[in-house]
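First the structure, in the form of structure tokens, and then the observations on it.
In each ligand, atom 1 is the first atom listed, and ligand 1 is the first ligand listed. For this chain, numbers begin at 1 and follow the sequence in order.
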Amino acid sequence: MNAIATSCKLITSAVNRAGIAKLYGLAGEVNSTGDDQKKLDVLSNDMMINALVNSGVCSVLVSEENEEPIIVPADKKGKYCVAFDPLDGSSNIDCNVSVGTIFSVYEVKEGSEGTVEDLLRNGEECVCAGYCAYSSAVELVFTFKGKEVHGFCLDPTIGEFVHTRPKMMMPQDGGKRIYSCNEGNGIHWDKPIKDAIEFYKNSEKPYAARYVGSMVADIHRTLLYGGVYLYPADAKSPKGKLRMLYEGIPMAMIIEQAGGVASTGMFKGKIQRILDLVPDEIHCKCPIIMGGARDVQVVYDQYAKAGIDAPKLL
Ligand code: AFP
């Protein structure tokens, strides 16, 4: 956690200086003075790998930015495996919209030397999950398996994370009526998802639409205000868009441990709990419907109307 917190501070500094230090743009580009320009997410990835490898407590790292897993050299190996997206929402970076880091942590299995198999396991076996939001303030939110969710705000005057949100819980009355999804994908959605979105819009108290397009920002708002976040499977993307190991599972663990619901919606023929999924490869995807019970139930009701076996949450 120290290595992750340090990485988040380093990424904060890079994000804050991105415009001035010319960190925007594509990796591989050459800037006006002929220097190599380093894309912010490549830089964030390098900093996170460096901090985690040198922490001495990790064996295997999986990053959104690296096709292959990173196996930590024997002299620095430890008992944890970390999957992360160093800078999620990268399409938002260049226009200065909130971005974030997401991570999940697993323990190396007994007798294992530390291989990718240590991460390809049931979401329930994740021991720690969290995210850091780089926005008007920097907030680190995490939880350990079976424990409460805690939030820390980076105090820039002392360079430390201060414990500002103990025992975070989603609003238990459902909170604000907000639905959050990329409606541009609506044409590809199945009927129950289309009907659920219509329900939100046309209910007696119509819901507000809010969608940043950075998962960390959208989930942070859902956690604090309530509502529902959806990136469902659809005809174009039957597995959804978001990555299971460093988007789906960690956010599901946080939402569930804060009293919410984290579902795949209809996925591979049935409605599943995200934390019951087992990734079949490190960068695999899963659909996501997560938020408060009141609002996830709306989706389940539409599935039930379509004759699909759907849970009753309320
Ligand atoms: P990028 O890192 O490519 O911007 O993707 C961000 C993301 O993985 C997640 O943070 C967003 O919630 C989601 O994709 C947005 O996807 P759409 O642009 O398809 O709405």
Side-chain angles (χ1 to χ4, degrees), residues 8 11 14-15 18 23-27 38-48 62-67 83-104 129-135 138-141 178-189 193-194 197 209-225 227-255 260 262-265 274 277 279 282-291 295:
C8 294
I11 296 170
V15 168
L23 295 172
Y24 293 139
L26 296 172
K38 217 163 191 197
K39 206 178 166 189
L40 200 51
D41 46 6
V42 174
L43 186 66
S44 304
N45 190 41
D46 290 350
M47 293 190 293
M48 202 147 174
V62 163
S63 166
E64 201 255 341
E65 297 289 333
N66 296 66
E67 203 53 42
F84 55 92
D85 185 347
L87 209 58
D88 188 61
S90 45
S91 52
N92 279 330
I93 293 173
D94 290 6
C95 65
N96 198 18
V97 169
S98 305
V99 287
T101 299
I102 313 174
F103 59 91
S104 62
Y131 63 79
C132 186
Y134 309 101
S135 190
V138 174
E139 285 196 64
L140 178 62
V141 172
I178 295 173
Y179 74 96
S180 182
C181 58
N182 184 342
E183 277 196 83
N185 294 328
I187 192 169
H188 306 295
W189 289 339
I193 298 292
K194 283 183 183 159
I197 302 301
R210 295 282 184 274
Y211 188 67
V212 178
S214 276
M215 190 188 197
V216 169
D218 285 315
I219 294 296
H220 192 54
R221 183 200 55 247
T222 305
L223 182 59
L224 294 174
Y225 292 177
V228 58
Y229 172 85
L230 310 94
Y231 214 114
D234 63 29
K236 193 171 139 227
S237 312
K239 295 178 178 171
K241 172 188 176 183
L242 302 177
R243 308 291 173 153
M244 199 186 296
L245 264 181
Y246 38 83
E247 292 183 310
I249 289 174
M251 291 309 201
M253 187 161 154
I254 287 174
I255 288 287
S263 169
T264 59
I274 293 174
L277 298 175
I282 56 174
H283 297 296
C284 69
K285 298 172 182 179
C286 69
I288 287 176
I289 297 171
M290 55 173 77
D295 302 326

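- Residue contact check for ligand 1: Asp218 places no non-hydrogen atom closer than 4.0 Å to it.
- With hydrogens and angles disregarded, a donor-acceptor distance shorter than 3.5 Å links the side chain of Ser263 to the backbone of Gly265.
- Using a 4.0 Å cut-off between heavy atoms, Asn92 makes no contact with ligand 1 at all.
- The part of Tyr229 lying near ligand 1 is the side chain, judged by heavy-atom distances below 4.0 Å.
- With a 6.0 Å radius and a threshold of 12 heavy atoms from other residues, nucleotides or ligands, Lys239 has its NZ atom at or below the threshold.
- Scanning the protein for heavy atoms near atom 19 (O) of ligand 1, the closest one is Tyr231 OH, 2.5 Å.
- Ligand-side atoms of ligand 1 in range of Ser214: 10 (O), 12 (O), range being under 4.0 angstrom from any heavy atom.
- The closest protein non-hydrogen atom to atom 4 (O) of ligand 1 is Ser91 OG, 2.6 Å.
- Scanning all protein heavy atoms for the shortest distance to atom 15 (C) of ligand 1 gives Tyr211 OH, 3.2 Å.
- The two residues Thr264 and Pro287 make their nearest non-hydrogen contact at O-CB, 3.3 Å.
- Under 3.5 Å, the side chains of Tyr231 and Ser237 contain no donor-acceptor pair of N or O atoms.
- Minimum heavy-atom separation, Val212 to Arg221: CG2-NH1, 4.1 Å.
- For atom 18 (O) of ligand 1, the nearest non-hydrogen atom from the set Lys241, Met215, Glu183 belongs to Lys241.
- The two residues Val141 and Ile254 have their closest heavy-atom pair at O-CD1, 4.1 Å.
- The heavy atom nearest to atom 3 (O) of ligand 1, considering only Ser98, Gly100, Ser90, is found in Ser90.
- One option in Arg243, Met251, Glu247 has a heavy atom closer to atom 8 (O) of ligand 1 than any other, and that option is Glu247.
- Ile249 approaches Pro279 most closely through the heavy-atom pair CD1-CD, 4.4 Å.
- Checked by distance only, ligand 1 and Gly89 come closer than 3.5 Å through their nitrogen or oxygen atoms.
- What sits closest to atom 10 (O) of ligand 1 on the protein, heavy atoms only, is Asp88 OD2, 2.4 Å.
- Nearest non-hydrogen protein atom to atom 11 (C) of ligand 1 is Gly213 O, 3.3 Å.
- Counting non-hydrogen atoms of other residues, nucleotides and ligands closer than 6.0 Å to OH of Tyr211 gives a total above 12.
- Within ligand 1, counting atoms from 1 as listed, the ones closer than 4.0 Å to a heavy atom of Asn182 are 17 (P), 19 (O), 20 (O).
- Judged by distance alone, with hydrogens and angles left aside, the side-chain atoms of Ser104 form a donor-acceptor pair with the main-chain N or O of Leu245 at under 3.5 Å.
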